[in-house]
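Chain identifiers are assigned alphabetically (A, B, ...) following the order of the sequence lines, protein sequences preceding nucleic acid strands; residue numbering begins at 1 within each chain. All heavy atoms count here, side chains included; hydrogens, waters and symmetry mates do not.
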Amino acid sequence: MVNKMTIVGWRRLSQTTIGLMLTNSYVQVIWTKIPYDGALRGACVPFLNCHACPFAVFSCPIGMWQSFMAIHRFPFFLLGFFITIGLVFGRAACGWLCPFGLLQDLMYKIKTKKFRIPKFLNYTKYLVLIALVLIIPYLTYENWFSKLCPFGALIAGIPWVAWNPIDPDFGTPIIESEMIGWLYYLKMAILAFFLIWFIFAKRPFCRVACPMGAIWALFNRVSLLKSKVNEDCPECGQCTDICPMELKVNEEVDLENCIKCMDCSTCKHVKVQFRL
Amino acid sequence: MKKEWKIVIFILGMVIGIGLLLLGIVTVDDIAHIRLEGSEL
């Protein structure tokens, strides 16, 4: 029998405290009106977290990579970061830390008719990575993924426009009305599209559009953190029912879309290991 | 994929990854650039 309470509980705790609150803990912005600019800005978190969020302490690795591409600078540190973290943990940050993943998990709980995502859409996240994070910023010198990122819209675009404090240095509103153009509304439309999709399908952004997930997915097969399905698995399908990525666990565990959340390991036939 | 290949890829990857990390921190100062860019709205 599957008992998923313990692992899911730990995962929610980790997603909420580390992924959401710790990385967005700069509450001083409420009275200073100026975002954090300290030493921790030089560090990236291993998941999407918009550095333009008023409360953000760390930087977003995808935002930084496209920024390096836009200024035609080779991202030594970021590539090293991706390779070392990816080789040890694979996609575990998607399951254990990412706040956008948490939002998707929670919105899927809304009771309504659910739909499966076609398998071929699993590959579009690589297209997003190559086009919006690498090639287009390189060619246009602009950060196009940030301009369209739905999570950035949610935790940075909406809060800044709604709050819009007076800049203490210049005495003018931080967001000028002319800054809110068609691109802002396009970003909001993309966010609305995904928010609705979250209700009807399991983690659609992670599976279809997340460039961070696409990077970690490349390391999933060789990463140290692994799950193993025992040969005596009766293939009852309960682990597939609880898998947040809708995987056939006995066939697809540790492949590209496995986020190593370990929800399936609550079944006695699935073991989590640290091994090569 | 054979286990031997996984071990080779892992060790080679870690060497390259840590090398790139050190290169980015020590010589080309990527951290300063990330801090600067990350602070811009």
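Here A/Y126 pairs with nothing under the ring pair (Phe, Tyr, Trp, His ring centres under 6.0 Å) rule; sequence neighbours left out.
Counting heavy-atom pairs closer than 4.5 Å to chain B, the top-ranked of the candidates A/P75, A/C60, A/C44, A/A39 is A/A39. Your options are B/G24, B/G17, B/G13, and the one with the most heavy-atom pairs under 4.5 Å with chain A is B/G17.
Scanning all heavy atoms of the two residues, the minimum distance from B/L20 to A/F74 falls at CD2-CE2, 4.4 Å.
Counting non-hydrogen atoms of neighbouring residues, nucleotides and ligands closer than 6.0 angstrom, the CD atom of A/E231 reaches no more than 12 such neighbours.
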Donor-acceptor contacts under 3.5 Å from residues 76-95 of chain A side chains, at least two apart:
from  : atom 1 : to     : atom 2 : distance (Å)
A/T84 : OG1    : A/G80  : O      : 2.7
A/T84 : OG1    : A/F81  : O      : 3.3
A/R91 : NH1    : A/E256 : O      : 3.2
A/R91 : NH1    : A/N257 : OD1    : 3.2
A/R91 : NH2    : A/C206 : O      : 3.2

